[in-house]
Asks: 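Can you keep this structure in mind? I'll have questions shortly.
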Amino acid sequence: MCGIIGYAGARQAAPIILEGLAALEYRGYDSAGIAVLDADGIPAVHKKSGKLVNLAAALQGSLPEGVTGVGHTRWATHGAPTDFNAHPHTDCDNQIIVVHNGIVENYVQIKEDLISQGHEFTSQTDAECIPHMIESYIEQEYSFEEAVRASAREIKGANAVVAISTRDPGKLVAFRLGNAGGLVVGYGQDELFLASDLPALLPHTQEVAYLAGGEMVTLDNHSANYFTLDGMSVTKTPMHVAYDALSAAKGEYKHFMLKEIHEQPEAIINSLRGRVSFNDLKVVLDEFQISDADIARIDRVVFLGMGTSFNAAMVARNWMESLARLPSEFDNSSEFRYRDPVIDENTLVVSLSQSGETADTLAAMEKAQENGALQLTLCNYPGTQTTRIADHTMLLRAGLEIGVASSKTFTNSLISLYLLAIDIGTRRGVLEESRRRDMFAELARLPDLLGQALADESQYEVLAQKFGRRSDFLYLGRGINFPLAMEGALKLKELSYIHAEGYPAAEMKHGPISLIDDEMPVVALMPRDDLYEKMLSNVNEVKARGGTVIAVATEGNEDIKKRVDEVIYVPEVSSLINPVLMAVPMQLLAYHIALWRGCDIDQPRNLAKSVTVE
Ligand code: AGP
């Protein structure tokens with residue numbers, strides 16, 4: 001959840017660290033800090049509550065000098081977002097400096113032991129026990145590196161830590177425990193970097209190596225050496241990542257999220273490239289090459305995810321049932337991990353996580369692994385933790401997504417899941433060629449149709465002016481569009497801080513209907529499909545009780561204008577692929593309402609892009 005960066009090289013560290021923190025701020029933004037060692041190893045530590053701009057203002061343009069340093073942007077777990085609780089944290093003598101991401105589950109015991117040894121703490125964080133532990137080992141004549149290793153072995157929980165020491169200026173020592181909280185080493189020319197995530201590294205290098213759970217690394221300006229926590233050497237070859245710094249720039253757009261919403265047609269083309277063979281009407285998933293015997297033995301599919309990824313999982317169940325005729329279900333990873341699910345080697349578990357770091361999804365995948373399931377994961381970044389657990393990985397190919405609220409990773413998840421269902425349905429012999437022909441023709445048109453759905457943004461500005469002051473929204477959908485109602489409500493909540501609920505439309509009569517009045521807009525997802533008439537009945541029920549309805553309907557449906565208060569049109573497509581187009585109005589309505597309300601769109605309050613704690 002927090003963002004970590006470290007630098008060892010020949011250039012001034014502070015500007016590189018601040019720039020890296022800006023790129024990582026989407027991971028957490030309730031406080032930020034930086035520590036740099038000068039040529040004599042004397043540390044300068046600056047930290048400030050609030051966003052990174054507060055830290056920059058506190059530095060007043062006078063950056064600490066030195067070529068080694070660390071930085072941190074925080075998403076609070078233990079201790080309020082204050083200056084004292086901000087990272088970096090130091091030991092009693094300000095000789096050991098640490099930045100940390102995760103939760104030290106046994107910190108109460110560790111802290112009590114250290115206090116009884118005479119250590120003095122200045123914050124309420126769990127993180128502060130780490131520099132003091134390292135200090136206490138150094139007092140017992142351990143080297144800096146050995147002291148970090150010994151501390152790492154004592155800590156429980158999923159954690160990522162980077163430490164520097166005034167006794168060893170020029171060196172960074174880092175470790176990672178458990179699956180959550182990524183750490184990536186970046187290899188530059190006479191300089192090395194460490195960061196929680198790629199966006200901080202990409203302006204400097206595309207050669208990277210990921211630290212796995214239970215590994216540590218020591219690095220200086222020319223080399224990185226990897227070890228297990230037992231001190232065994234680990235060999236790693238840096239890999240080349242294809243994303244470049246330019247793709248992370250906002251360009252003409254006011255927000256990264258708006259840019260990412262508009263990138264969806266291109267992102268979808270990328271996700272189709274090489275996977276759809278229009279000639280022989282087949283999906284070819286190089287990443288999911290399993291034998292016909294393996295396909296035949298799958299008797300059930302379970303989709304797992306959290307938040308937006310969970311909403312995509314809900315859509316996927318419809319596709320897997322309809323196109324592959326396989327019994328399918330979905331679950332929140334956080335619920336699945338604590339159940340006693342019936343999973344065996346004939347179950348295909350498909351997990352979704354754009355970040356590849358979501359703690360609950362990782363734990364759910366481990367549970368599926370224990371039960372012998374075949375696992376496929378969908379993720380936007382190669383080499384992340386989910387990809388290490390799964391048997392197969394399908395990359396989302398959405399490009400960097402900086403906005404904390406997911407947009408293009410959602411639509412690319414949908415497309416990937418759609419292709420998966422077509423592939424399995426074809427290989428099981430239940431998806432006829434004639435049906436595939438129509439589906440493929442539609443897939444070819446989809447990027448263009450998405451472009452059309454994105455064309456008229458002014459209608460959302462008008463709706464934002466009309467409804468931006470409201471405090472509650474209800475989103476209704478049926479069948480394959482019910483998950484999109486959930487996604488619409490989630491987007492509105494996280495971007496605009498307006499309370500919103502997504503409901504299966506028929507469920508409204510069983511409770512939420514008592515909320516209907518002229519104050520709460522109802523967004524009705526009602527494309528022309530088999531359930532249109534049913535949706536119309538639900539809309540009539542809302543109107544009969546004085547409610548206000550914003551319908552999302554199929555282009556050309558003029559009749560709907562007479563029945564509701566506002567209409568957003570989406571191009572006509574088959575009912576199965578409708579959710580992909582429906583995503584656009586869900587995103588743009590929430591975006592423009594949030595913009596009208598003056599909200600922080602790319603970094604909504606309290607959220608983080610990667611949720612690496614439970
Ligand atoms: C999306 O808009 C949310 N910020 C959030 O619900 C997110 O989808 C969820 O945390 C799961 O993330 P993941 O896809 O990286 O696992």
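Ligands are counted one by one from 1 in listed order, and the atoms in each one are counted from 1 as well. What you see below is based on every heavy atom in this structure, not just the backbone, and it leaves out hydrogens, waters and symmetry mates.
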Asks: Could you verify whether a donor N or O on one side chain and an acceptor N or O on the other, from His392 and Gln375, lie under 3.5 Å apart?
Replies: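 Checked: His392/Gln375 side chains show no N/O donor-acceptor pair below 3.5 Å.
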Asks: Can you see whether Thr377 engages Ser351 through a side-chain donor-acceptor pair at a distance of less than 3.5 angstrom?
Replies: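 Their side chains do contain a donor-acceptor pair, which is all the 3.5 Å distance test asks for.
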Asks: Indicate whether the side chain of Ser406 and that of Gln354 have a donor and an acceptor atom separated by less than 3.5 Å.
Replies: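 Gln354 and Ser406 do not have a side-chain donor-acceptor pair below 3.5 Å.
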Asks: Using a distance-only test with no angle check, is there a side-chain donor-acceptor pair under 3.5 angstrom linking Thr308 and Glu487?
Replies: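 A pair is found: one side chain offers a donor N or O, the other an acceptor, under 3.5 Å apart.
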Asks: Who are the residue neighbours of ligand 1 when the rule is a heavy atom under 4.0 Å from any of its atoms?
Replies: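 Heavy-atom contacts below 4.0 Å: Met306, Gly307, Thr308, Ser309, Ser353, Gln354, Ser355, Thr358, Val404, Ala405, Ser406, Lys491, Glu494, Val611.
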Asks: I'd like to know if Lys408 pairs up with Glu266 as an ion pair, taking the criterion as any Lys NZ or Arg NE/NH1/NH2 lying under 4.0 Å from an Asp or Glu carboxylate oxygen.
Replies: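 So Lys408 does not pair with Glu266 through a salt bridge.
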Asks: List the residues meeting side-chain contact (heavy atoms from CB on, under 4.5 Å) with Pro504, not counting sequence neighbours, and say none if there are none.
Replies: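 With neighbours one apart ignored, the set is Phe482, Glu507.
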